[in-house]
Structure formats: structure tokens, C-alpha cells
Amino acid sequence: MSLVFASWNINSIRQREALVSDWLERHQPDVLCLQEIKCEEHQFPAVFAEKGYQTAIVGQKSYNGVAILSRHPMNVTHRRLPGFGHEAARYVEAEIQGIVFGNLYLPNGNSGGETGYDIKLDFFDALTHHARTMLAAERDFILLGDYNVCPTAEDHAPDALSPTDSLVRPESRAAWRRLVWSGLTDAQRVVQPQGRAFTFWDYQGMAFQRDSGLRIDHALLSPRLAERLETVQPDREERAKNQPSDHVPLIVRLQ
DNA sequence: ATGACCCCAAGCTGGGGA
């Protein structure tokens, strides 16, 4: 039996309800993790529940917000990232089919000066601690979402970012490596060790047409799940749709 | 040096995004 799940920063679920509905019809994933839903729970479209998906929504007004849609029974385990002391709606976690799905929207870090950037590193520290706790307990888990980090120079087009951008700052990349090297597997880099696998293209400057993109949406797998990995694919077609999100779904299939 | 694009809450402008 295979399991298909995806991560998608949707940049307002209310603006893109129809796009997501259409995508779900065509792909029929077991689980879809959304970020930047940009609404409160009571504003989240009802259509997904009507289609038979269970929903776990952690929202707030205007900004951030994450949600998990699941075809299977779901047990919500966290509505905030343990150890992260900020109120923003950036993490929701649920156990589905014996697997823990941690759906995260990591702070961008470019706003609010160094104080704002430190919040990004704080989130990374808390996430790494949480991952190590689950590794020690030998849980099967996936940490997926918008990490707002390009792990290496191959993960952004040469002209896509300033060298001082928080997505490529050395401290951001070091924090990423500390997390991954705790014992997790970057799914995309198993099926495609090198080269471009962008998941984001800016709205400005014809970035998609020029393929001036970033790889910032990631799925990290615990050891046993890494053994089951079949395919990983950013769904680039979605970026060519009318009024798309600036991110595309990252689709993962496990055996 | 500035704006570019898009979303949101407000309210016709500004913050945040990446």
C-alpha cells in the first residue's frame, strides 16, 4: 500500500479554494499540508470537509496559518511547535496511519531586523529539539512545509536573491544542516541528488518564465520512512495556472 | 534610487512576504 502526501504554501486559502479543490480531485492525496492559509479557523473553506477530508486548522487573522487535510482518521498531537515561544500560527502536527505529520511554516526572517531574524533561528532550534525527541523515541514522522531556506547554492537561481537574504544566510543554512544531520532525510535530494528542483517563483519580474526560482519547501523523513520513499516531485504545472500561489505543491509518495 | 507582484485589513496606504 502506498501513501501520497503533499506540502503546499497556498498564499491565502480563500483566494485559492477552487485551485486546491481541483488539485485534490486530480491527485487524490492521502494528506495535504497547507501553509499561509491567511485566515482564522472559522473562515477556512468548508468544501474540503465536504469532500471527505478531515481537517486540522491552526489559523490567525491575516497572516500565517497552517492546515492538514487527511483522507484517513487523524489525531492532532500539537497546535504549536513545542519550545517555540511565539504565538504565530506556524505549526500543526497530527498522527495519521501511524505516521506523525509536522506541518510547518518557518519564519521568513527578512522583516523585523536582527530581532526578526533571531525568531527564525529560534524556530529552527525548537524544531531540531522536537525532531531529536521523536528520533530518540523511534517514531515514524515527517517534518514538511515552507522552511524558508535554500540549503545550498543549487537551491536558488543565481539572480533570485540578494546574498544577504535570510533564506541563504550562513546561520540559516547551518540551522538546516543541524536539523537534517540529526538523522533525517531530505526527500527531494534522495531522488534527485543535484540540480534544480524549485518550489517557489516570485510573482515579480516574470520569475517563473525565467525559471528564477527557489527550493524552500521541503519534506524531511525519519529513518524508517526514508526507506519507503518512492517519488518526490514539485508540481510545477500549478505555477502556470491563473492566479496561482507563488509556491507549488511538493508531492511525496511512500511505498 | 525606485518599483516591480500579491494578499490582507483598512479604507485608497502600508506591512509582510521571499
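Reminder, nothing fancy here: chain letters follow the sequence lines and each chain counts from 1.
- Side-chain atoms of Gln35(A) come within 3.5 Å of backbone atoms of Asn9(A) as a donor-acceptor pair (strictly under, hydrogens ignored).
- Taking the C1' atom of each, dG11(B) and dC7(B) are spaced 16 Å apart, rounded to whole Å.
- Note that Arg169(A) lies in the cation-pi zone of Tyr117(A), set by a 6.0 Å cut-off to the ring centre and a 45° limit from the axis.
- Atom name P, nucleotides dC12(B) and dA1(B): the rounded distance is 30 Å, in whole Å.
- dG3(B) and dT13(B) have their P atoms separated by 14 Å, with the value rounded to a whole Å.
- Lys38(A) is not listed as a side-chain neighbour of Gln60(A), based on a closest heavy-atom distance of 4.5 Å or more.
- Spacing between atom CD of Gln60(A) and atom P of dC7(B) amounts to 18 Å, rounded to whole angstrom units.
- On the P atoms, dG16(B) is 15 Å away from dA10(B), given to the nearest whole Å.
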Under 4.0 Å protein heavy-atom contacts per nucleotide of nucleotides 8-18 of chain B, with B for base, S for backbone only and - for none: SSS----B-SB
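- Remark: Arg80(A) fails to qualify as a cation-pi partner of Tyr91(A) under the 6.0 Å distance and 45° angle criteria applied to the six-membered ring.
- Looking at Asn110(A), its side chain does come within 3.5 Å of a backbone N or O of Ser166(A) through a donor-acceptor pair.
- To the nearest 0.5 angstrom, Asp155(A) atom CG is 7.5 Å from Phe198(A) atom CZ.
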